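Start at 1 and go down the list; that is how both ligands and their atoms are numbered. Everything quoted here is computed from the prediction, not taken from an experiment.
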Amino acid sequence: MAHASAPSFFETVNIYFDKAAALTDYPPGLLEQIKGCSSVYAIQFPVRTSRGYEVFSGWRVQHSHHRLPVKGGIRYAPTVGEDEIKALAALMTYKCAIVDVPFGGAKGGVRLETKKYTVQELEQITRRYTAELIKKNFIGPGVDVPAPDYGTGPREMAWIYDTYSAFHPGAIDAMACVTGKPVTQGGIRGRVEATGRGVSFALREACAVKEDMKALGLSPGLEGKTVVVQGLGNVGYHTAKFLQEAGCIIVGLSERDGAIHRPDGLDVEAVAKYQKERGSLLDFPGARNVTPTNQALELECDILVPAALENQITVENAPRLKTKILAEAANGPTTAAAEQILLQRGVLIIPDVYINAGGVTVSYFEWVKNLSHVRFGRVGKRFEEAAFDRMLSAVEKATGRFFSEEDRHKIARGADEIDLVNSGLEETMITAYHQIRELMKRESRLKDLRTAAFLNAVQKVATTYLELGIFP
Ligand code: NAD
């Protein structure tokens with residue numbers, strides 16, 4: 001947790017914004033319009049639980065209306081508060097701009113410890129929160145589209161969709177009111193793992209740049225790089241899994257109650273299975289326990305991936321971090337003061353506002369799918385296959401040589417939904433990385449990727465606002 005006098009999470013995001021804004025010559029009023037939260041909705045709502053009559057605090061913040069709908073996850077955690085939701089909503093605006101996803105930023109949250117409630121109670125809380133959003137038009141396919149975040153997942157998104165459609169009978173686009181739904185409820189294949197997959201694509205791009213790796217004393221490529229991941233939830237687990245598949249050595253994994261360390265590498269799947277069975281990853285065979293858990297952040301590694309919550313890397317522990325690359329899979333894991341320390345120490349920070357954008361990117365694909373009412377790949381797959389097949393036959397005819405059935409099957413294959421989703425995600429993460437990095441190289445006053453990413457976002461949002469003008 002940040003020190004009481006340290007800037008709050010929203011203030012931290014605004015420090016980053018101001019740093020980038022200072023490099024522009026937009027009118028101060030326009031910058032103020034971008035920076036502030038357009039609408040903040042704070043609610044208290046009652047739910048009958050096993051403890052009797054309980055009142056919950058919830059929020060939905062719409063940070064920027066420069067594009068609609070606004071988009072952002074819903075967080076369930078005991079620490080949720082207005083400042084945090086405002087910070088996360090602002091990050092969503094910048095994030096969507098960076099990866100060219102045509103949404104404004106938003107975020108929602110309910111203050112609760114999910115572990116204390118039964119599934120039925122969580123359903124009641126989620127439905128009541130959704131009803132509160134409906135009352136004030138803070139949810140809808142063209143207005144505001146939530147998604148999962150810390151403490152929520154496809155199950156909650158299905159309840160939100162069902163509640164929304166119950167209040168909007170006959171609304172043909174109701175399914176697009178929320179993303180991250182189960183695939184059987186209009187969700188899209190690849191959404192669950194999208195953020196982690198996006199993080200691994202981003203790291204692959206960053207590590208492929210020879211010049212940058214040389215500056216860190218590392219060889220190019222992901223192969224053989226040592227990795228520590230904090231938080232084995234949706235984002236952390238998938239990031240660790242994809243990085244391991246790409247040839248990284250996962251030397252440390254941490255969860256709330258403790259961390260484990262094994263310099264020779266941990267098998268992510270085996271650790272996740274062990275944790276599921278035992279409720280803890282401690283005492284994993286062959287690994288050393290690390291307690292308190294946050295000491296895992298200080299383990300020797302090439303890539304450190306905080307994938308839990310904000311304010312994990314502070315002035316207190318930043319000087320002791322031994323990583324060369326900090327991949328901010330979580331939102332806001334590094335305080336502004338800690339960032340200064342790490343930059344001075346030459347750490348390459350790949351900022352949250354870019355690196356965890358894979359989730360919203362695939363949410364965007366899900367929204368498009370819901371509005372078009374057809375699965376990606378359904379219309380063209382067989383046609384593509386037939387066209388490839390004709391091409392192979394033409395090659396065979398011209399060369400007099402024949403493909404094996406196996407090769408023919410591999411080459412003449414139309415794209416399924418998952419292929420298109422992953423390809424769109426990969427394209428998005430690659431393009432955005434190079435946009436940010438090239439901006440940093442071009443503008444000599446830019447020294448770090450975060451400020452470059454914020455500048456990229458400010459330019460895009462400012463352009464939209466300027467073109468739209470002010471009405472009424
Ligand atoms: P999650 O609830 O699935 O997982 C988070 C995990 O972190 C949990 O397993 C929790 O026990 C663990 N954790 C909490 N405190 C910890 C600590 N001090 N040390 C180690 N582990 C700890 O949440 P998630 O969806 O994976 O989100 C994680 C982060 O990624 C959040 O900052 C979220 O805003 C961000 N994010 C999520 C998505 C998404 O698609 N889910 C997209 C972008 C960003």
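In summary, the aromatic rings of Tyr94 and Phe17 are positioned with their centroids under 6.0 Å apart. Aromatic pair Tyr150/Tyr76: centroids not less than 6.0 angstrom apart. Ring pair Phe138/Tyr129: centre-to-centre distance not below 6.0 Å. Between Tyr465 and His65, the distance separating the two ring centers is not shorter than 6.0 angstrom.
Residue-ligand proximity, Asn356 to ligand 1, at heavy-atom distances under 4.0 Å covers atoms 43 (C), 44 (C). Listed by number with element, the atoms of ligand 1 under 4.0 angstrom from any heavy atom of Asn294 are 18 (N), 19 (N). In summary, the atoms of ligand 1 found under 4.0 Å from a heavy atom of Arg191, numbered by their order in the structure, are 40 (O). For ligand 1, the atoms lying closer than 4.0 Å to a non-hydrogen atom of Gln312 are 18 (N).
Applying the 6.0 Å contact sphere to CZ of Arg345 captures more than 12 heavy atoms from other residues, nucleotides or ligands.
In the model, Tyr237 has a side-chain atom that pairs as donor or acceptor with a side-chain atom of Glu269 under 3.5 Å. Between Thr431 and Glu427, the side chains place a donor N or O and an acceptor N or O closer than 3.5 Å (distance only, hydrogens not considered). Side-chain polar atoms of Asn356 and Thr195 form no donor-acceptor pair below 3.5 angstrom.
Regarding atom 24 (P) of ligand 1, its nearest protein heavy-atom neighbour is Val235 CG2, 3.9 Å. Taking atom 15 (N) of ligand 1 as the reference point, the nearest protein heavy-atom neighbour is Arg256 CG, 3.5 Å. Distance from atom 23 (O) of ligand 1 to its nearest protein heavy atom, with residue and atom name: Tyr150 CA, 3.5 Å. Looking only at protein heavy atoms, the nearest one to atom 3 (O) of ligand 1 is Asn234 N, 2.9 Å. Nearest to atom 2 (O) of ligand 1 among the protein's heavy atoms is Gly151 N, 3.2 Å. Nearest protein heavy-atom neighbour of atom 8 (C) of ligand 1: Glu255 OE2, 3.4 Å. In terms of protein heavy-atom proximity, atom 35 (C) of ligand 1 is closest to Asn331 ND2, 3.7 Å. In terms of protein heavy-atom proximity, atom 4 (O) of ligand 1 is closest to Gly233 CA, 3.2 Å.
The shortest N/O to N/O separation between Thr195 and ligand 1 falls below 3.5 Å. Considering backbone and side-chain atoms together, Gly359 places no N or O closer than 3.5 Å to any N or O of ligand 1. Any N or O atom pair closer than 3.5 Å counts here, and Asp149 shares at least one such pair with ligand 1. Taking any N or O of Arg75, backbone or side chain, at least one lies under 3.5 Å from an N or O belonging to ligand 1. Polar contact with ligand 1: absent for Leu88 (N/O pair, distance under 3.5 Å). For Gly236, no nitrogen or oxygen atom sits less than 3.5 Å from a nitrogen or oxygen atom of ligand 1, counting backbone and side chain alike.
Considering Gln185, Arg191, Lys181 as possible partners of Met157, the one that fulfils the side chain to side chain contact (heavy atoms under 4.5 Å, CB included) test is Lys181. For the side chain to side chain contact (heavy atoms under 4.5 Å, CB included) test with Asn422, the passing option among Glu417, Arg197, Glu193 is Arg197; the others fail.
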Exercise. Could you give me the CA-CA distance, side-chain angles and deciding distance for Asn331 and Asp149, then say whether side-chain contact (heavy atoms from CB on, under 4.5 Å) is met?
Key: CA-CA 10 Å; Asn331 282 309; Asp149 190 69; 4.3 Å; yes
Practice problem: Please report the C-alpha distance between Lys273 and Glu277 in whole Å, then the side-chain angles of each, then the deciding distance to 0.1 Å, and finally whether the salt bridge (Lys or Arg N to Asp or Glu O under 4.0 Å) criterion is met. | Solution: CA-CA 6 Å; Lys273 189 165 169 269; Glu277 283 164 8; 3.6 Å; yes
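Only the backbone of Ala329 comes within 4.0 Å of ligand 1, counting heavy atoms alone; no side-chain atom from C-beta on gets that close. Contact annotation: for Ala307 versus ligand 1, heavy atoms closer than 4.0 Å belong to the backbone alone.
Taking the six-membered ring where the residue is Trp, Tyr364 and Phe103 present perpendicular rings, their angle passing 60° and hence far from 30°.
Nearest to atom 28 (C) of ligand 1 by heavy atom, out of Ala330, Gly332, Ala308, is Ala308.
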